[in-house]
Amino acid sequence: MARPKIYNISLTDDELTKLKAIIRRKNTSRTIKCRCQILIDLDEAHGDVLTHQQSARSNGVCMSTVTNTIKLYADGGIDSVVSIKRNVNSDNARRKLDGRAEARLIEIACSPAPEGHSRWTLRLLEEESKVALDTPVGKNAIGRALKKQASASQKRILVYPQKGGCRIRSVHGGCS
C-alpha cells in the first residue's frame, strides 16, 4: 500500500502560466526547468496527475528531487522553486589567493630555496607567505595555486615538427 500524500499541489492559472513561461525561456537552467515541469506534472487542478515516480522518470530526475521540489513549493511557493540558493561555501566562494597574491607566491616559489634546503616545500612556502603576503594562506591553498595545469588547447593537441610541415596529434595519439 502506498503512503498517503503529505502535500497536495493545486496551481492557480497565473502560477501555471508563469511556470510554462519559465520553461520556454532559453536562459533558464535545466534544474529550474525540471522543477517547474515536476510541479506541472503533479498539479491536481489542471489535467491528468502523474505519480511521483512517473514524474521523476519523465523528467529524468530521482525521487528525492521530486520530493524536495514539492517541499520547496509547499514551504515557499513558486518563488522558492524558481530560485536556486547557493551555499556560501560552494565553488563560488571567495578565494583566499587573488591574482596579485598568487603572482607574489609564484615569485617566491621561483626564487632560490632558503639556506639549508634544496628546494621549496609547501610548508616553507607557507611560512614565507605569512611574512610576504597580507593574509595568511594555508599549504592547501598554496598547493592549488602552484599546481601545474595545462590549458584546454594544450591538453587537446600536440604539435610535432616534420620535414614537409607540422603534424598535429591529439593527446591520445590520433592524427588530425
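One is the number of the first residue; the rest follow in order along the sequence. All heavy atoms count here, side chains included; hydrogens, waters and symmetry mates do not.
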Please examine the side chains of [Y] and [X], heavy atoms only from C-beta on, and report whether any two atoms are closer than 4.5 Å.
| X | Y | result |
| --- | --- | --- |
| Cys34 | Thr65 | no |
| Ile23 | Ile40 | yes |
| Pro114 | Trp120 | yes |
| Glu126 | Ile142 | yes |
| Val82 | Thr28 | no |

Should we count NZ of Lys139 as having more than 12 external heavy atoms under 6.0 Å?
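Count not over threshold, so no.
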
Look at atom CG of Asp75 and say whether more than 12 heavy atoms of other residues, nucleotides or ligands are closer to it than 6.0 Å.
yes

In Å and rounded to the nearest 0.5 Å, what is the [atom1] to [atom2] distance from [X] to [Y]?
| X | Y | atom1 | atom2 | answer |
| --- | --- | --- | --- | --- |
| Ser58 | Ile38 | OG | CD1 | 8.0 Å |
| Arg25 | Ile32 | CZ | CD1 | 10.0 Å |
| Asn59 | Arg30 | CG | CZ | 8.5 Å |
| Tyr7 | Thr69 | OH | OG1 | 12.5 Å |

[X] (side chain) donor-acceptor with [Y] (main chain) under 3.5 angstrom:
| X | Y | answer |
| --- | --- | --- |
| Ser111 | Ile108 | yes |
| Ser10 | Ala45 | no |
| Arg57 | Cys62 | no |
| Ser80 | Leu72 | yes |
| Ser55 | Thr51 | no |

Linking I/L/V/M/F/W/Y whenever any side-chain heavy atoms sit under 4.5 Å apart, do [X] and [Y] land together?
| X | Y | answer |
| --- | --- | --- |
| Met63 | Ile70 | no |
| Leu11 | Val49 | no |
| Ile106 | Leu124 | yes |

Is the closest basic N to carboxylate O distance between Asp79 and Lys18 below 4.0 Å?
yes

Walk me through whether Glu15 and Asp43 qualify under side-chain contact (heavy atoms from CB on, under 4.5 Å).
CA-CA 11 Å; Glu15 290 175 333; Asp43 179 26; over 6 Å; no

Would you sort out whether Gln54 and Asp41 count as a side-chain contact (heavy atoms from CB on, under 4.5 Å), showing the intermediate values?
CA-CA 9 Å; Gln54 289 171 337; Asp41 290 345; over 6 Å; no

My understanding is that only one of Val81, Leu42, Asn68 makes a side-chain contact (heavy atoms from CB on, under 4.5 Å) with Tyr73; could you say which?
Val81

Walk me through whether Thr12 and Leu16 qualify under side-chain contact (heavy atoms from CB on, under 4.5 Å).
CA-CA 6 Å; Thr12 63; Leu16 187 64; over 6 Å; no

Apply salt bridge (charged side-chain N to carboxylate O under 4.0 Å, His left out) to Glu127 and Lys130, showing your working.
CA-CA 5 Å; Glu127 290 171 13; Lys130 286 179 185 174; over 6 Å; no

Run His46 and Asp13 through side-chain contact (heavy atoms from CB on, under 4.5 Å) and show every step you take.
CA-CA 9 Å; His46 301 92; Asp13 291 334; 2.7 Å; yes

Looking only at heavy atoms, what is the nearest atom pair of Cys36 and Ile22, with distance?
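Looking at all heavy atoms of both residues, the shortest contact is SG-CG2, 3.8 Å.
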
